[in-house]
Structures are given as C-alpha cells and as structure tokens.
Protein chains: 2
Amino acid sequence: MKQTTPIAELKRDQGRTKSGNQDDHIYGQMFSAILEQRLSPGTKLSEDVLGEIFSVSRTVIRKVLQRLAHEKVVKIFSNRGAYVSEPSPDEARDVLDARKVVEEGIMRRVVKKRTTADIRILEGMLKEEALSIERDEHSKWVALSGDFHLALAEIAGNQSLTDYLRELVSMTSLIHVQYQSKKIGNQSCSCEEHGHIIEAVRAQDEEAAVRLMIEHIEACEEQLNLDGKEPISDLYEIFSDVAGS
Amino acid sequence: MKQTTPIAELKRDQGRTKSGNQDDHIYGQMFSAILEQRLSPGTKLSEDVLGEIFSVSRTVIRKVLQRLAHEKVVKIFSNRGAYVSEPSPDEARDVLDARKVVEEGIMRRVVKKRTTADIRILEGMLKEEALSIERDEHSKWVALSGDFHLALAEIAGNQSLTDYLRELVSMTSLIHVQYQSKKIGNQSCSCEEHGHIIEAVRAQDEEAAVRLMIEHIEACEEQLNLDGKEPISDLYEIFSDVAGS
DNA sequence: ATGCGACATATTGTCCACATTTAATGTGTT
DNA sequence: AACACATTAAATGTGGACAATATGTCGCAT
C-alpha cells in the first residue's frame, strides 16, 4: 500500500479551510490588539489569563501563541511564557532593510501588472488614509498604511512575497511603537508619499516607483530613534538619577 | 499595577532558549526527512503514528506539525490532518520569483560586506558540493546546495531575510521533487554557477553577482516542468465539461 | 441491482490533570 | 548586612481522555 495519498480533493479547501476552527478568531483578536498597539511590547501573554478571557483551554491559546510567535510579533521563552515582541534596534534595522529588498521587487512587478482597476483601489485606500489622519485616528491609520503596502503586494501577485511582507509590516508597527522619536508629527507625509507612489505606478515608471518606495521606507526609518540605547530602559534608566540618593 | 513587565533580563536568553525542549529534535528529524526527500509530497502525517515513532504524545507532534505548516512544507487541513506540501505550479513560480527578489537584495549586501574569511567558507562549501556530486549523493547535494545560498544570506547579515530564504529554499527542494523534468542530468552545472558567484563576490562586482545569481535561479527554474498541466489538476477543471451530463 | 441513508471507524480538536521547570521568597550562616 | 542555600509558589510542558468531525461500510428501500 502506497503511503502517499492523492490529496487533490483537499486542494479545493485551501481557500475556505481557514476559518473552520475557533483559533482564527482568537488569533485575529490578538493580532489586531498588538497591531493597534493595545498590547504594548513586553506585555506578558499568560496562557491561563488568555484562556479565561476567551473561554477556551490553554491548548488553543498555545496554538495561537505559537502562530504569533512564528510571525515574530510574539516571543516565546522556554518554560517562561510568551511576551509581545520588543524588537531590538538590530532587528528593527533588519526588518526595514528587508522591506526595501522585498518592496523593490514588488514595485517592479506592480508597474508591469497593474490595471486601471488596481489604480482605483489604491486611490480609494489613499482617501481612507487621509480621512483617518484628518480624524486623528492614529491606530486606524497605522493599519491602513500597512494595508496600502499589502495591496501593492497583492497586485504584484506573488503570494509568498505577500505573506512575508505581511510579517514585515506587522513588525514595522511594533517597531514604531518602540522607537517613535519625539520629533515626529509629520507622519502624515507618508500619505503624500503613497500618493506619489500611485502616480509612478499609474505612469508605469518603474525606476521612479522603486525610488519613491525606497525613499518612503527610508523616511520611515529616519523617523525612528534606533541609534540610542536599548529600548526597554525600564527601571534602571528610569531610576538611574534618583537611585542611591 | 502596570501589566507590561520588564523582560529585559529575558533578552539575554534569546540565543540559547532555542533548544530547551524536545520539540526541536523531532522538528529537525521531520524537516530533514522532507528536505532529503525521504517523505514525498502528499504523504499523510498522522499524529498518532508520528507520536509512536518518536515516543511522545500527540501534543508535541501537533506543535511540530504547526511549525512545519507555517514554514509551508506541510499543509494542515481542518479535521483531516497534515500532509507534506504539494506545491502547485503557481506556488512554485511564486517561490522561485520570490527568491529572485530576495537573493538579489542579498547579493548586493554580500558584495559590500564579504570578508576574505567569508570567501574561504564559501569555497569550502563549494568543494563539499563538488564532492557530493562526484559521489553521486544526491540528497546530500540538495542540502549542501541550499546551504550555499543560506551562507550567502548569513554574510548579508539580515536575520529576517535569512529566515525567509530558509523557507524559500525548503520549498524549492519540494518543488524539485515534484517538477523535476526528465531532461535533466546537468544539475551539476549548479556547482559551476556557484563558483562563478563566488568569483563575483570576491571581486565585489555587484552587478555581476546579481546577474549571476538571477541567472542561476532561472536556470533552476528552467530545469523544472512547470508549464504542464497541474499535477493532480483539480477534478473540477477536469470534469467541468462532462459534469451534469 | 442501484441509490440513498444510517451506522461504525478512525482521526483530529479540545479539555483537564499531572510533571517539570523557573523564579521568588524566606531562612540561616558568615 | 550580604551572600548562599532551601523552600515555596506559579507558570509552562506533557500526556491521556473525551468530544466533534470526516470518511468508509453496510443495509434497506425502491
């Protein structure tokens, strides 16, 4: 008897088999909570507590935590539990750098494949972004801003790159929480930059699209305060001047 | 009471906390088995069977399967179990295309950062590759060939990209199993191509390095037989015209 | 004989209880 | 008072039992 079974029939389930179990709901809740910055980096994610919150056993919580851990937004320490990731400056640089690599490739493919319908969709997203900025809905804007990049990835039409970019975008959100420098306030410029990118895509100007995207990412990078000391200065830094007095 | 706890002290454990539990051993075994093609695509991975094989409960097997699933080498279907992935031609194209994007970025960084020590390491790997080809150790060569690309990623020094490339390399191995066309036999050329890449890296010729790498990936792509019909093309398509008759 | 439906089997999903490990507290000694 | 060690408490790691779901088989009705 052959052990390899034809799983052709299973293939058709690839699309819908995602929301069969209750995991996905809990996963979505936690993922959103982290991305919308309702869960700060460093927060301990106790299995018992989460189990009670969602009224499920630790088993399913563990599954969700492992998934989040693989996506790097959660870090699991052996025998010590799961915590919302606190990306180090090095990790942050890697993520931003990886985005330059991936999104350059994405832009080159987008300018070739984009349809007029795609442009319309992007413009619609841009309007929503602008709206959320006007209304000062910061966390919503963070999500929308990420969605814009993911929409470009969708247009490029490479599922693998899209999945990877989703991870990178999530991490970027965490990074912004941790390293947002105080001198900001002009984050909205991002919105303009997105507009320029759309223009380049519409014009199918590959080099401009790539350049604008990379400049956009670098602009994000410069808004951050990565050069300083390690992030969680906790306690030590906070009390460094009053301690010993 | 603040819910965010300082986990600064935990950070130091990031490096060593990887091999605390027995999961990693089982994961490694299964991962190798898949990559070395001892587990064919489509093979059902029963939790009970694996649990008996490794003398652990289903709990730990499930954990390993979920990890493999996230890395795309295993597919889990709700209530129906886990199977070794059978990448479709589309998925295969995406993976190879993603590799072009990622490895171009990696090469640009490698050329700038490589040291003479790095070159020596790469040359050592090349020799091992040649040796494994001479000895006709196919599965060993597959692994070594992947390691070469991962070594370049390490030199580039971006952990995020390295992790992603590891996934892509794994998938590439599965793809080769499924779509290896019969006309091959000159796979060994890969080894030469790796040699040329090393030369470009040594010379710090960025454009040559990028070009050689992309050509190398495209050469791999051409060895495959992706244009044919879907491997086990979805019944739907096959019977779409005769159904209902 | 064929087609439909109910039952039986096997596998996965979930929960709970126990084992193990870690971190913290308390105690005793120097 | 400071350090080292033993004890204690809490959280995670693991295993096994039960429930839910899908598949395969058998029987019955037409």
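Note that this is a predicted model, so its numbers are computed, not measured.
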To the side chain of B/Lys44, which of D/dG15, C/dT12, C/dT22 is closest? C/dT12
Residue A/Ser46, side-chain heavy atoms: nucleotide from D/dT14, C/dC15, D/dT12 that is nearest: D/dT12
In this structure, how many angstroms lie between the [atom2] atom of [N] and the [atom1] atom of [X], rounded?
X       : N      : atom1 : atom2 : value
B/Asp24 : D/dG13 : CG    : P     : 12 Å
B/His25 : D/dT14 : NE2   : P     : 14 Å
B/Leu50 : C/dT11 : CG    : P     : 12 Å
B/Phe77 : C/dA10 : CZ    : P     : 23 Å
A/Glu47 : C/dT22 : CD    : C1'   : 14 Å
B/Asp48 : D/dA17 : CG    : P     : 13 Å
A/Asn79 : C/dT22 : CG    : C1'   : 7 Å
A/Glu52 : D/dA10 : CD    : P     : 14 Å

With no hydrogens and no angle check, is any side-chain donor or acceptor of B/Ser85 less than 3.5 Å from a backbone partner on B/Pro87? no
Any side-chain donor paired with an acceptor under 3.5 Å for [X] and [Y]?
X        : Y        : value
B/Tyr179 : B/Glu221 : no
A/Asp163 : A/Ser160 : no
B/Tyr27  : B/Glu71  : yes

How are the rings of B/Tyr164 and A/Tyr164 set to each other: parallel, tilted or perpendicular (split at 30° and 60°)?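 The arrangement is parallel - the two ring planes meet at less than 30°.
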Should [X] be listed as having a side-chain N or O under 4.0 Å from OP1 or OP2 of [N]?
X       : N      : result
A/Arg58 : C/dC16 : no
A/Lys63 : C/dT12 : no
A/Arg62 : D/dT12 : no

Pick the closest DNA chain D nucleotide for B/Ser57 and for A/Gly81 by heavy atoms, then say which residue is nearer the 5' end.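 Going by which nucleotide is closer to the 5' end, it is A/Gly81.
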